[in-house]
Amino acid sequence: MNPAGSIVFFTTASGAGYGLLYWLGLLRPLGLIPGDPWFGLVALGLALLLITVGLLSSLAHLGHPERAWRAISQWRSSWLSREGVAALLTYLPAVLFGIGLLGDIPALAAPMGLLAATSAMVTVYSTGMIYASLKPIRQWHHPLVVPGYLMLAAFSGAALLAMLAAFWGNGAVPAVLALLTGAGGFLLKTAYWRGIDTQPPEATAESATGLGQIGKVRPLDPPHTQTNYLLREMGFRIARKHAAKLRRIVLAAGFGLPMLLALLALLTGGAAAMALLTIGAVLALGGLLVERWLMFAEATHTVTLYYTGT
Amino acid sequence: MTCLPEIKPGQKKLGLVIDLDTCVGCQACATNCKEWNTSGHSAPLPDFHPYSAGAEGVWFNRVHSFEAGEGEQGRTVHFPRSCLHCEQPACVTVCPTGASYKREEDGIVLVNHDTCIGCGLCAWACPYGAREMDEDAGVMKKCTLCIDRIYNETIPEERRIPACVATCPTQARHFGDLGDPESAVSKLVRERGGYDLMPEMGYKPVNKYLPPRKRATVQAKPVEDAPTSMDIKNPLLRWMDRVLTR
């Protein structure tokens with residue numbers, strides 16, 4: 001599948017924003033992060049900035065961005081529509097959460113924070129389901145895709161929250177969470193890659209043409225000599241050796257190093273922790289961009305069976 | 001609404017039956033499809049760089065050729081590929097705007113180009129590659145089963161069939177109601193063992209494909225003519241045969 005830049009950026013940025021909102025809304029009422037209203041407002045501002053920039057970037061992917069409002073209408077059948085509805089609804093408790101923080105009204109901030117956290121999680125779940133519900137793409141129609149989206153949003157959100165909390169002198173809890181979700185993401189992605197590498201394709205050139213009753217099927221003549229939309233959009237392939245290298249980069253730079261830096265930050269604390277967790281958060285987001293790009297580049301669509309036989 | 005209409009027993013299901021035995025891969029169906037549809041319901045079907053390298057465009061029908069089987073049992077099969085107007089079209093249910101829909105009255109899957117946002121998700125959801133984005137207009141386009149021909153009262157009745165069916169010189173394409181078990185197309189499917197493409201995807205295509213007919217069994221190789229001397233009627237030649245075989 002063609003890794004469209006706007007979608008890769010959207011799911012990474014918005015995912016991190018929703019992850020940050022999730023942990024902020026959940027941990028603040030529990031008193032596990034700095035209680036300073038300004039800390040809450042800065043973290044909330046960063047979360048909403050990432051979410052909004054990501055959503056706007058996703059509009060760039062559309063043929064008719066001005067009609068995007070129509071996308072919230074089909075929530076009964078479409079996961080993309082549900083994602084849109086959930087994304088917009090999340091703004092409501094998030095803004096009320098912000099008002100609660102600004103006016104220092106814990107009775108408003110706490111429930112709205114929890115509601116925003118839930119709503120953020122639902123949005124990321126919907127994003128994952130858009131991909132997981134597509135049967136023709138076996139690398140997406142996989143049981144680890146939705147857990148992957150949730151885990152990686154939680155990981156990048158925790159890394160960002162740990163960075164901000166370090167500047168307010170208390171990044172321990174989110175740093176531990178970044179460590180745990182980083183380990184979770186590492187294991188999940190490793191299991192996912194092993195899964196898609198060993199899983200046999202469900203559809204074959206034989207079933208796609210129904211000619212299996214004669215024997216093995218090989219494409220002979222394509223219907224057109226030049227490329228087309230289907231091949232550009234669905235026929236994108238990445239060389240295996242590049243994929244293997246990029247996977248190692250994701251595991252090392254996206255998960256390994258941020259985890260190591262979070263561990264060091266927990267041991268040192270203070271100004272060193274600020275620097276370490278900032279580098280960690282940047283690495284985590286960079287690693288996730290590569291991971292998301294791979295998620296597309298490694299995915300294959302059944303339409304290519306008609307063109308290449310695989 | 002992108003929820004699918006309820007399927008009632010005896011529901012009309014308009015579709016195509018494509019005979020892979022008689023298709024000769026002439027591309028006439030694809031050409032007439034493009035010709036009709038570039039000025040019909042989904043007009044225009046744009047072409048990009050039409051007069052230079054990299055010419056490409058939107059087509060609703062694409063004719064592939066495959067080789068199947070090995071040796072004497074091997075066949076070359078021409079294979080037209082277009083929208084199958086599935087009973088379970090995920091391309092419709094994934095649509096966030098309701099632009100994609102399946103008609104309740106005849107099962108035709110259509111796109112409303114006035115409300116499509118061009119997100120491309122329906123093309124991802126189609127296992128058969130039946131939908132192509134019109135990157136000029138920013139909306140998705142697809143086979144309409146020539147909805148502007150089959151119900152068109154301004155053309156003679158015998159021409160109210162899809163353009164691809166009308167033009168096929170070998171009558172490899174048949175159009176009709178596959179929901180009616182007594183229709184000509186349903187009978188054809190029964191008689192010839194018509195099948196679904198990628199049934200494992202669960203989309204339940206309405207269009208059916210008829211398999212190439214089985215070849216007559218290959219006979220034993222022809223034997224060389226080797227007359228014995230008793231078969232030779234001419235006495236001179238018989239004498240020569242005897243002399244030469246001595």
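What you see is a predicted model, and the numbers here were worked out from it, not measured in a lab. Naming: A, B, ... by sequence-line order, numbering from 1 per chain.
You'll find the side chain of A/Y307 reaches within 4.5 Å of the side chain of B/H64, heavy atoms only. Side-chain contact between B/H49 and A/Q226 is absent, with no heavy atoms from C-beta onward closer than 4.5 Å. Counting only heavy atoms from C-beta outward, the side chains of A/E202 and B/M201 approach each other to under 4.5 Å. Side-chain contact between A/R67 and B/V139: present, with at least one pair of heavy atoms (C-beta onward) separated by less than 4.5 Å. Counting heavy atoms from C-beta on, the side chains of A/D221 and B/V63 never come closer than 4.5 Å. Side-chain contact check for B/W124 versus A/I137: some heavy-atom pair is nearer than 4.5 Å. The shortest side-chain heavy-atom distance between B/V92 and A/S77 does not fall under the 4.5 Å cut-off.
Ranked by heavy-atom pairs under 4.5 Å with chain B, the list A/W79, A/W140, A/Y306, A/W69 is led by A/Y306. Interface summary for chain B: among A/A68, A/S58, A/A208, A/P65, the most heavy-atom pairs under 4.5 angstrom belong to A/A208. Options B/M140, B/K214, B/M198 differ in how many heavy-atom pairs under 4.5 Å they form with chain A, and the most are formed by B/M198. Each of B/D134, B/V58, B/T76, B/D114 has some count of heavy-atom pairs under 4.5 Å with chain A, and the biggest count is that of B/D114. Per-residue counts of heavy-atom pairs under 4.5 Å with chain A were compared for B/P199, B/C126, B/A90; the largest is that of B/C126. Annotation: maximal heavy-atom pairing with chain A below 4.5 Å, among B/E56, B/Q27, B/R131, occurs at B/E56. Counting heavy-atom pairs closer than 4.5 Å to chain A, the top-ranked of the candidates B/G129, B/G69, B/G118 is B/G69. Of all the listed residues (B/P212, B/C116, B/A53, B/G25), the one sharing the greatest number of non-hydrogen pairs under 4.5 Å with chain A is B/C116. Contact count against chain B (heavy-atom pairs under 4.5 Å) is highest for A/S207 among A/S207, A/G84, A/S81, A/G215. By number of non-hydrogen pairs under 4.5 angstrom with chain B, the leading residue of A/L134, A/T204, A/L230 is A/L230.
With a 4.5 Å cut-off on non-hydrogen atoms, B/A125 touches chain A through its backbone and its side chain both. Residue B/A30: no heavy atom, backbone or side chain, is found under 4.5 Å from chain A. Using a 4.5 Å cut-off between heavy atoms, B/Y203 touches chain A through its side chain atoms alone. Looking at A/R138, there are no atoms closer than 4.5 Å to chain B (heavy atoms on both sides), in backbone or side chain. In this structure, chain A has a heavy atom under 4.5 Å from the side chain of B/V77, while its backbone stays farther away. At a 4.5 Å heavy-atom cutoff, the contact between B/C119 and chain A is made by backbone and side-chain atoms alike. Proximity to chain A is absent for every atom of B/P80, based on heavy atoms less than 4.5 angstrom apart. Looking at B/F79, only its side chain comes within 4.5 Å of chain A, counting heavy atoms on both sides. If you measure heavy-atom distances from B/E70 to chain A, the contacts under 4.5 Å come from the side chain alone. Neither the backbone nor the side chain of A/E66 comes within contact range of chain B; no heavy atoms are under 4.5 Å apart. With a 4.5 Å cut-off on non-hydrogen atoms, B/R62 touches chain A through its backbone and its side chain both.
B/Q171 CD: 12 or fewer foreign heavy atoms inside a 6.0 Å radius. Other residues, nucleotides and ligands contribute only 12 or fewer heavy atoms inside 6.0 Å of the CD atom of B/E6.
The distance from atom CD1 of A/I214 to atom CD of B/Q73, rounded to the nearest 0.5 Å, is 9.5 Å. Separation of atoms CE (B/M133) and OH (A/Y229) is listed at 4.0 Å; rounding is to 0.5 Å. Atom CG of A/L220 and atom NE2 of B/H78 lie 8.0 Å apart (nearest 0.5 Å).
Closest approach of A/Q74 and B/G98 over heavy atoms only: CG-N, 3.2 Å. Closest approach of B/P96 and A/S73 over heavy atoms only: O-OG, 3.6 Å. Here the closest non-hydrogen pair linking A/V217 and B/A68 is CG2-CB, 4.1 Å.
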Can you check salt bridge (Lys or Arg N to Asp or Glu O under 4.0 Å) on A/K135 and B/E200, steps first, answer last? CA-CA 10 Å; A/K135 270 201 102 179; B/E200 65 274 25; over 6 Å; no
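Put simply, the side chain of B/Y195 gets close to the backbone of A/T209: a donor and an acceptor are under 3.5 Å apart.
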